[in-house]
Amino acid sequence: MSISESKPSNFIQEAIENDIKTNRYGGRVHTRFPPEPNGYLHIGHAKAICIDFGMAELFGGLCNLRFDDTNPVKEDTEYVDSIMEDIRWLGFDWEDRLYYASDYFDQLYEYAVELIKKGKAFVCDLSPEEIRAYRGTLTEPGKESPYRNRSIEENLALFEQMKAGAFPDGSRVLRAKIDMRSPNMNMRDPVIYRILRATHHRTGDKWCIYPMYDYAHPLSDAIEGITHSLCSLEFEDHRPLYDWFLEALEIPQPPRQIEFARLNLTRTMTSKRKLRKLIEDGFVAGWDDPRMPTLSAMRRRGFPPSAIKEFCNRVGVAKNNSVVDFAQLEHCVREELNLHAPRIMAVLNPLRVVLVNYPEGQVEEFATENNPEDPNAGVRHVPFSRVVYIERDDFMEDPPKKFFRLAPGREVRLKSAYYITCQEVVKDPQTGEIVELRCTYDPESRGGSTPDNRRVRGTLHWVSEDHAVKAEVRLYDHLFLTDDPEDGGDYLANLNHQSVEIKKNCLVEASVTAAETGARYQFLRHGYFSVDPDSTADELVFNRIVSLKDSWGKMQKS
RNA sequence: UGGGGAGUAGUGAAAUGGUAUCACGGCAGCCUUUGGAGCUGCUUUUCCAGGUUCGAAUCCUGGCUCCUCAGCCA
């Protein structure tokens with residue numbers, strides 16, 4: 001099956017197909033992903049990346065990475081590196097096509113001179129406040145600047161002086177001469193160059209004038225030979241301006257801007273300012289705290305990049321503002337990990353179990369499958385002995401009807417090992433807390449089944465006391481309690497104060513001691529976990545990526 | 001209230017004048033050496049009102065609701 005058949009079609013794909021059919025760009029498809037290096041990429045960017053690179057891939061075209069760095073006061077090279085890392089992690093490749101809008105500053109300046117010569121741009125001396133006042137409102141037309149009809153020669157001279165640093169910051173701008181009466185605010189003689197003395201992360205102090213996005217973007221696209229410039233919906237009413245620059249400068253085969261709705265997720269906030277506040281207030285540890293919606297956080301948490309890509313494919317491409325259920329993402333993560341994550345046994349809340357009739361000092365090894373979904377994953381051997389630990393939640397002294405696990409007098413299976421029956425519950429005389437279970441095992445049930453084929457309802461995971469290793473496990477939950485973090489108007493009020501639970505004394509199978517950072521496992525009956533970089537030679541630290549679906553847990557809640 | 005967009009099950013998407021389809025979620029059942037996974041079934045939809053048509057989610061007219069634009073941000 002080809003890629004185009006496995007994905008539902010969308011309007012952008014159709015538009016590109018049509019352009020190919022009509023030979024609009026000589027059959028070429030060339031897109032670009034244009035981040036501003038002013039912050040970390042988040043899950044919303046992942047959708048844009050998948051669309052930009054994905055469309056090019058689908059049609060055998062190319063996608064450039066271009067940093068849209070036209071505002072030096074906001075941008076930093078620190079972000080450049082993290083953005084590249086995130087895109088690569090998602091599995092996309094811009095090959096040798098790494099560009100910066102700042103690479104084009106000279107060319108962009110020449111284009112501006114050309115606009116002036118064509119009488120399509122002018123230097124305006126109005127202050128920012130005056131420009132705002134002259135712009136008019138949504139319902140009233142704007143007024144033309146008194147500087148609008150300067151001669152070409154004067155504009156040329158002034159613009160050159162702007163570039164040369166003759167004027168203070170903010171004192172003058174270069175504006176496109178379009179239409180102050182346009183109902184589209186973007187066409188009311190927009191500013192295209194401003195004076196700004198700031199050190200640029202790439203061009204240093206070479207420039208004291210910088211182009212605006214609306215001007216730099218279409219021309220950067222044109223310079224790179226971009227055919228389809230895909231962006232989000234809020235740029236829809238910038239499109240006439242995008243086209244205006246290309247037409248004014250008589251760009252042949254001008255690129256075409258197509259807008260799509262950005263991704264929103266339930267229980268997720270992507271506002272840079274608000275996320276920063278969560279960090280500053282110490283609510284999360286940083287931009288890569290596994291609860292954050294950034295790609296670096298998702299990577300640390302253990303989300304497989306393929307799951308994120310699959311998720312982006314599934315949510316589709318459309319023009320309506322939407323909010324996708326986080327469960328959809330979790331589903332993609334589980335689907336991927338179910339197929340590929342090796343299984344191990346880990347006990348998060350250990351309860352000691354002594355098998356009273358099992359010989360002291362004896363150790364057996366039981367073969368158990370690494371992944372029942374993947375026959376090629378093989379088996380491993382787990383050690384078993386007289387004292388094991390099971391999950392505290394897997395025992396109840398006075399169990400309700402549908403509890404299929406261990407209880408006094410009841411028999412259950414220890415996965416791949418033996419059937420055991422609970423004979424005695426040992427409690428702390430002071431607190432009444434259950435400290436130990438004394439059970440018998442059935443030697444006939446070796447490997448987990450008996451000759452008489454009798455059934456047991458429950459199968460528990462376990463670890464051997466003498467062989468298990470201690471680990472820290474971090475259980476994550478959503479950062480917000482409400483689907484919409486802004487519900488009620490205050491996102492801080494909706495914060496989930498139990499969004500992380502750190503469990504210090506977990507016991508995991510010795511087979512994972514050598515696990516590398518980032519390795520992903522399924523902890524049997526719990527969920528999927530990855531090795532956090534906080535792990536040391538002495539102790540592994542695991543992040544819960546996502547839990548397994550838990551029908552027992554669900555029953556208990558209702 | 002000017003301009004630009006968008007309205008299809010709870011959520012996201014498809015259907016391009018011809019049986020409203022898919023995924024997620026929820027619910028029920030089957031199966032199970034993971035209460036996982038898998039399988040089966042159910043759940044539930046074209047913003048409203050007119051019109052054109054044998055036939056409308058799709059075309060036309062009018063309305064409603066939501067998003068978006070008044071940075072020398074991107």
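Atoms considered below: every heavy atom in the structure, side chains included; atoms not considered: hydrogens, waters and symmetry mates. Order of the sequence lines fixes the chain letters, A, B, ..., with proteins taken first and strands second; residue numbering starts at 1 for each chain.
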- Task: Could you tell me whether Ser551(A) contacts a base, only the sugar-phosphate backbone, or nothing, with contacts defined as non-hydrogen atoms closer than 4.0 Å?
- Result: sugar-phosphate
- Query: Quick one: which of G12(B), G35(B), A15(B) gets closest to the side chain of Ser9(A)?
  - Reply: A15(B)
- Aromatic ring centroids of Phe122(A) and Tyr147(A) under 6.0 Å? no
- Message: I'd like to compare against my own output: the B/S/- annotation of nucleotides 67-74 of chain B with a strict under-4.0 Å heavy-atom distance to protein.
- Response: S-BBSBBB
- Which pairs count as ring-ring contact (aromatic ring centres under 6.0 Å, His included) when at least one residue sits in residues 161-180 of chain A, sequence neighbours excluded? none
- Query: How does protein reach along nucleotides 23-31 of chain B, written 5' to 3' as B (base within reach of a heavy atom under 4.0 Å), S (only sugar-phosphate), or - (no contact)?
  - Reply: SSSSS----
- Message: Under 4.0 Å, counting only non-hydrogen atoms across every strand here, what does Val323(A) touch: a base, just sugar-phosphate, or nothing?
- Response: sugar-phosphate
- Task: Just call it for Thr459(A): base, sugar-phosphate, or nothing, with non-hydrogen atoms closer than 4.0 Å on any strand.
- Result: sugar-phosphate
- Message: What contact category does Tyr528(A) fall into here, base, sugar-phosphate, or nothing, at under 4.0 angstrom with non-hydrogen atoms?
- Response: nothing
- Query: What does Val73(A) touch in the nucleic acid at a heavy-atom separation under 4.0 angstrom: a base, only the sugar-phosphate, or nothing?
  - Reply: nothing
- Query: What nucleotide, of G2(B), G5(B), A14(B), holds the atom closest to the side chain of Thr139(A)?
  - Reply: G2(B)
- Among G4(B), A13(B), U34(B), the one nearest any side-chain atom of Gln522(A) is U34(B)
- Query: Between His461(A) (side chain) and Ala346(A) (backbone), is there a donor-acceptor pair under 3.5 Å?
  - Reply: yes
Do any N or O atoms of the protein come closer than 3.5 Å to N or O atoms of nucleotides 56-58 of chain B, and which pairs are they?
none

- Considering heavy-atom distances to RNA chain B, does Glu373(A) or Val315(A) have its closest nucleotide positioned more toward the 5' end? Val315(A)
- Task: Using the P atom as the reference point in each nucleotide, state the distance between C47(B) and G12(B) in Å, no decimals.
- Result: 14 Å
- Query: Using a cut-off of 4.0 Å on non-hydrogen atoms, how would the nucleic acid contact of Pro372(A) be classed: base, sugar-phosphate, or nothing?
  - Reply: base
- Using a cut-off of strictly less than 4.0 Å between a heavy atom of the residue and any atom of RNA chain B, enumerate the qualifying residues of residues 338-349 of chain A by number. Asn338(A), Arg343(A)
- Query: Arg380(A): what forms a side-chain hydrogen bond (donor to acceptor under 3.5 Å, both in side chains) with it, not counting sequence neighbours?
  - Reply: Asn370(A), Glu509(A)
